[in-house]
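Quick note on labels: first sequence line is chain A, next is B, and so on, each numbered from 1.
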2 protein chains.
Amino acid sequence: MTKILIVEDEPNMVAGLRDNFEFEGYEVLSAYDGSEGLEKALANSPDLVLLDVMMPKMSGLDVCKQLKAKRPSIPIIMLTARGQEIDKVVGLELGADDYVTKPFSIRELVARVKAVLRRSHTLPKEHDRYSFSDVEVDLRTCRIARAGKQIEFSAMEFELLKYFICNAGEVLSRERLLEDVWGYDRYPTTRTVDAHLVRLRQKLEPSPEQPRFFLTVHGMGYRFVG
Amino acid sequence: MTKILIVEDEPNMVAGLRDNFEFEGYEVLSAYDGSEGLEKALANSPDLVLLDVMMPKMSGLDVCKQLKAKRPSIPIIMLTARGQEIDKVVGLELGADDYVTKPFSIRELVARVKAVLRRSHTLPKEHDRYSFSDVEVDLRTCRIARAGKQIEFSAMEFELLKYFICNAGEVLSRERLLEDVWGYDRYPTTRTVDAHLVRLRQKLEPSPEQPRFFLTVHGMGYRFVG
DNA sequence: GTATCTTTTTACAAATTTTTTACCATCATT
DNA sequence: AATGATGGTAAAAAATTTGTAAAAAGATAC
């Protein structure tokens with residue numbers, strides 16, 4: 001199901017949007033300020049973000065800039081109040097894909113969301129680059145850089161990392177990882193997964209002994225939040 | 001216990017498979033030709049069917065087609081001899097969930113069985129979010145938030161909560177909970193359930209000592225009303 | 001074949017969860 | 001109200017799961 005993240009500080013607005021988009025068949029996530037919004041966008045990889053400009057903690061523009069830096073492929077539609085014309089322009093410069101001026105008709109917004117999604121889906125998938133923390137991953141050329149410097153990854157490590165990135169936010173059991181990353185014809189014990197996690201953490205975590213991105217979910221498996 | 005039906009005309013093969021799957025903890029049924037297989041599948045509702053293609057009386061393909069028509073949700077893995085490539089394709093078209101080519105490694109077959117079972121269990125992706133009170137539960141990413149803030153749940157706690165949600169409104173006896181959430185092979189004393197309820201309440205009830213959602217039904221069990 | 005690099009296994013400590021225990025409160029019934 | 005059964009809960013005990021280094025096994029390149 002297509003996931004939409006709404007970042008907006010006014011609860012009534014969120015509720016209204018949620019109703020409408022859920023009615024349209026979307027899965028709706030919401031966040032009530034900028035920093036929460038950025039966090040949820042990175043953690044849940046929504047298909048599109050609706051982003052209010054005026055918000056507490058972190059302005060929509062900052063969220064837009066930071067999100068586009070880390071996830072260039074997630075489309076963003078900015079919600080601006082009338083009279084924030086300048087912001088609109090700036091927003092587009094920052095990488096927003098479209099903007100809508102409040103008060104807007106919900107039908108117009110839905111139409112724009114659909115349009116942006118259609119464009120983003122037919123676009124030459126930019127799904128080949130990904131970044132989190134100070135790490136940049138190029139899924140296509142299989143290169144990984146940390147703080148701008150190349151890091152060597154073995155084939156297995158890279159496959160595993162790729163799988164985590166493609167399934168960010170989800171809890172991945174060791175069984176599932178073995179099956180989907182290692183494949184049917186190889187049968188390492190499950191501790192193999194743990195051993196690899198150690199190396200992923202050593203290479204990519206700011207402090208490997210206290211993971212922030214490659215999290216353990218006790219009794220269930222691992223979860224990557226980037 | 002998970003039930004597997006093996007439909008295969010060669011007794012040695014059946015015996016070998018039976019040994020292995022019983023060792024893995026499955027209950028094994030068997031049938032030695034197609035029509036017997038179909039009959040047993042319909043009568044016993046196994047969790048999965050291993051189906052040989054080449055068999056007397058009724059080919060595996062026919063069994064597959066008829067079984068999928070009557071019980072679409074029972075997963076089927078086809079066993080085909082090398083050189084029956086066409087059959088594989090047809091089998092998948094007829095609704096088989098996977099296929100394995102003879103001779104196959106038993107470990108691979110076991111892995112595929114597990115994979116198909118896991119997929120078939122995690123299928124209902126639609127209603128994967130639930131909320132009550134100020135609590136939001138995401139069944140897919142295994143996350144629980146209260147008033148917008150993440151709460152840590154152990155694997156067991158999460159499974160139990162999931163079961164309550166899926167059976168909201170019903171009175172669930174301790175025995176039933178032990179059986180369905182803990183599984184047939186584990187029988188902790190019944191107070192274990194109570195201990196877990198305490199934690200569920202502490203984490204999710206507005207005032208845990210006066211539960212509003214996780215209710216006790218004296219002498220019967222617990223009822224979740226969300 | 002040897003050297004080198006990668007992957008898997010092993011082993012044990014550490015962290016975390018689950019189960020049990022024990023005691024007291026509450027409830028239903030007489 | 002007395003009695004016995006049932007439920008709440010903290011804390012101890014038991015069991016499970018995970019982190020990690022190091023050894024073993026397997027691949028790959030030379």
Minimum heavy-atom distance between B/Met55 and B/Asp9, given as atom pair plus value: CG-OD1, 3.8 Å
Summary of salt bridge (charged side-chain N to carboxylate O under 4.0 Å, His left out) pairs that have at least one residue in residues 158-171 of chain B, sequence neighbours excluded: B/Glu159-B/Lys162, B/Glu170-B/Arg176
B/Val49 side chain reached by B/Leu67 side chain, heavy atoms, under 4.5 Å: yes
Inter-end axis angle, the helix from C/dG1-D/dC30 to C/dT30-D/dA1, with every axis fitted to five base pairs (rounded, 10 degrees): 40°
Candidate nucleotides C/dT7, D/dT18, D/dT6, ranked by approach to the side chain of A/Arg191 - the nearest: D/dT18
Sugar-phosphate, base or nothing in reach of A/Val217, heavy atoms under 4.0 Å: sugar-phosphate
All side-chain hydrogen bond (donor to acceptor under 3.5 Å, both in side chains) counterparts of A/Ser133, not counting sequence neighbours: none
Distance-only side-chain donor-acceptor flag, A/Thr216 / A/Arg201, under 3.5 Å: yes
Selection from C/dT6, C/dT18, D/dG19 that lies nearest to any side-chain heavy atom of A/Ser154: C/dT6
Residues which pass ring-ring contact (aromatic ring centres under 6.0 Å, His included) with A/Tyr26, listed by chain and number, not counting sequence neighbours: A/Phe21
Could you go over nucleotides 27-30 of chain D and give all protein N or O partners under 3.5 Å, atom names and distances?
none

DNA chain C contacts made by residues 194-207 of chain A, counting heavy atoms under 4.0 Å: A/Ala195, A/His196, A/Arg199
Shortest side-chain distance from A/Trp182, nucleotide among C/dT8, C/dT18, C/dT19: C/dT8
hbond_proxy A/Arg174 side chain to D/dT17 base (donor-acceptor, 3.5 Å cutoff): no
